Protein chains: 2
Amino acid sequence: MKDSKKEFINPLFTVDSVLFTVVGNQLKVLLVKRAIEPFNGRWALPGGFVDVEQDDNTDMTAQRKLYEKTGITPKYLEQLKVFSGLNRDPRGFSVTLTYFALVAYEDTEPHINTVEEATWTEINELRNLPLAFDHREIIEAAFQRLQQKALYSMVPVYCCAEKFTVGQLKSVIEVIINKPLQRKSLMRRIEASGMFKEVDQKVQSGGRLAQLYSLKPDVDVVHFERNLGA
Amino acid sequence: MKDSKKEFINPLFTVDSVLFTVVGNQLKVLLVKRAIEPFNGRWALPGGFVDVEQDDNTDMTAQRKLYEKTGITPKYLEQLKVFSGLNRDPRGFSVTLTYFALVAYEDTEPHINTVEEATWTEINELRNLPLAFDHREIIEAAFQRLQQKALYSMVPVYCCAEKFTVGQLKSVIEVIINKPLQRKSLMRRIEASGMFKEVDQKVQSGGRLAQLYSLKPDVDVVHFERNLGA
DNA sequence: GGAATAGTGTCTTTAAGACAATATTTT
DNA sequence: AAAATATTGTCTTAAAGACACTATTCC
């Protein structure tokens with residue numbers, strides 16, 4: 001074990017998050033403008049270094065960075081993937097742990113779009129924007145994960161408001177997977193998942209009043225055994 | 001952005017792998033004996049620090065460490081999850097990127113079990129063994145991932161030899177998911193996946209000769225839209 | 001009443017489960 | 001022939017898709 005003596009260069013380690021939300025019929029990703037080199041002035045994912053004083057673990061780093069840069073506390077957060085290599089950062093070998101997060105647009109409105117350093121970007125507009133590092137690739141990976149999860153789980157509900165209708169959730173899922181969904185299939189899953197309760201309240205929608213639903217407290221996301229829309 | 005000036009302690013970053021194989025009707029995990037503090041002498045997952053000189057990325061770190069410690073090059077390797085925190089390593093805040101790997105027992109036999117520092121341990125025997133760090137928890141997460149993947153993909157084939165029969169693959173999957181599997185269902189998936197070709201050769205098995213299959217070159221693992229045995 | 005959206009009923013479709021029937025090999 | 005394992009045939013089942021039908025609201 002000769003290398004147990006060797007002094008290794010500990011690679012640069014950062015945490016970055018891909019925060020999605022759905023607004024109308026658009027899927028949006030949160031970007032912040034970098035204020036330091038490298039890639040000063042470019043759009044990038046919100047993230048940064050772990051602060052051992054404040055963060056119990058990397059999940060907290062992700063949440064803290066999102067909050068510091070945008071005032072947002074996401075409804076849903078999970079690890080995506082580590083990106084690493086010699087060429088992704090000009091300063092040398094680097095490692096980024098990326099997270100994939102969801103939030104309801106209603107929970108963010110006051111903060112974003114008044115700040116010049118943070119903005120919601122529609123997923124298809126990313127093609128034209130030059131991004132820092134390999135952040136385009138990271139967003140692509142997060143998007144694919146989101147699309148997959150939307151087929152076999154209820155995660156998209158975390159892009160909905162506290163109380164939501166079946167129609168609203170249906171619309172959110174359709175924006176994410178980019179194809180139409182059978183309302184009936186969704187209702188069956190809402191029922192089968194057991195994750196939701198009917199709120200004693202209905203809301204107007206242009207036609208018949210719609211039943212409102214909300215998440216039961218402390219439920220885990222249910223995974224189904226089949227994919228939708230396959 | 002006051003913290004852009006602050007000097008952060010870059011956390012300890014390591015890479016560890018959970019390498020599985022199937023032998024007979026047992027699922028086994030590869031452990032190595034630690035030769036340094038902390039946890040000197042305890043069983044642990046094979047892993048270590050990134051060597052920026054040698055490793056293009058963390059995947060290569062995982063592979064290199066597995067090879068150095070056991071002579072094994074796994075057939076399948078994918079990122080599992082990052083474990084991080086203040087309390088998992090007595091030296092302070094640490095981050096471990098873990099991988100989940102599969103290999104056919106046939107591809108390893110010469111190396112392991114002659115070396116005193118590496119051993120295959122049956123998954124259920126882990127309960128009694130004291131492991132280093134939070135490695136028990138890591139193995140548990142890897143095991144759950146493996147079980148899930150066995151239900152909707154063909155990954156277990158990477159625990160089979162180069163050429164394998166339906167019966168052999170069936171047995172491997174049954175060991176992993178720990179319940180019986182319909183042979184018919186597996187044959188349908190072998191056909192539907194398009195990942196395999198029939199080898200022009202049959203092999204004896206106690207009864208009728210069994211058709212051998214092998215992976216087509218450069219195929220990706222196919223994911224099905226339903227789970228097995230649910 | 002008409003338009004619009006919500007929700008239900010029910011038939012079809014798809015892929016897995018169950019298991020019987022057939023095939024091929026060794027002893 | 002009997003035992004053992006491989007392979008195929010085919011009926012059943014579970015959950016999604018399709019879509020017509022009913023319900024409720026606003027205008």
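Side chains are part of it too, since the values below use all heavy atoms of this structure and drop only hydrogens, waters and symmetry mates. Being a predicted model, the structure only gives us computed values, none of them experimental. In what follows, chains carry the letters A, B, and so on, assigned in the order in which the sequence lines appear, proteins first and then strands, with residues in each chain numbered from 1.
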Looking at A/Arg188 and A/Glu191, is there a salt bridge between them, counting it only when a charged N and a carboxylate O are closer than 4.0 Å?
no

CG of A/Asn124: more than 12 outside heavy atoms within 6.0 angstrom? yes

*Phosphate-side-chain proximity, A/Gln182 and D/dA18, N/O vs OP1/OP2 below 4.0 Å*: yes

When A/Gly206 and A/Lys184 are each assigned the nearest nucleotide of DNA chain C, the 5'-most assignment goes to A/Gly206

Review point. With a non-hydrogen cut-off below 4.0 angstrom, is B/Arg183 in contact with a base, only sugar-phosphate, or nothing?
Key: base

When rounded to whole Å, the CG to C1' distance for the pair B/Asn227 and C/dG17 reads 14 Å

On DNA chain D, more 5' by nearest nucleotide between A/Ser185 and B/Arg188 is B/Arg188

In whole angstroms, the gap separating C1' of D/dA16 from CD1 of A/Ile190 amounts to 15 Å

Of the listed C/dA23, C/dG9, D/dA14, the closest approach to the A/Arg226 side chain comes from D/dA14

A/Leu228 atom CG is separated from C/dT14 atom C1', nearest whole Å, by 14 Å

The answer to which of B/Arg189 and A/Gly167 contacts DNA chain C further toward the 5' end, by nearest nucleotide, is A/Gly167

Out of C/dG7, C/dG17, D/dA6, minimum distance to the side chain of A/Arg208 belongs to C/dG7

* Asked: Which part of the nucleic acid does B/Gln204 contact within heavy-atom distance under 4.0 Å: base, sugar-phosphate only, or nothing?
  -> nothing

Quiz item: Can a cation-pi geometry be assigned to B/Arg88 and B/Phe83, taking NZ or CZ under 6.0 Å from the six-membered ring centre and within 45° of the ring axis?
Solution: no

In whole angstroms, the gap separating P of C/dA6 from CE of A/Met187 amounts to 10 Å

**Message:** Between A/Tyr213 and A/Gln211, do the side chains contain a donor N or O and an acceptor N or O under 3.5 Å apart?
**Reply:** no

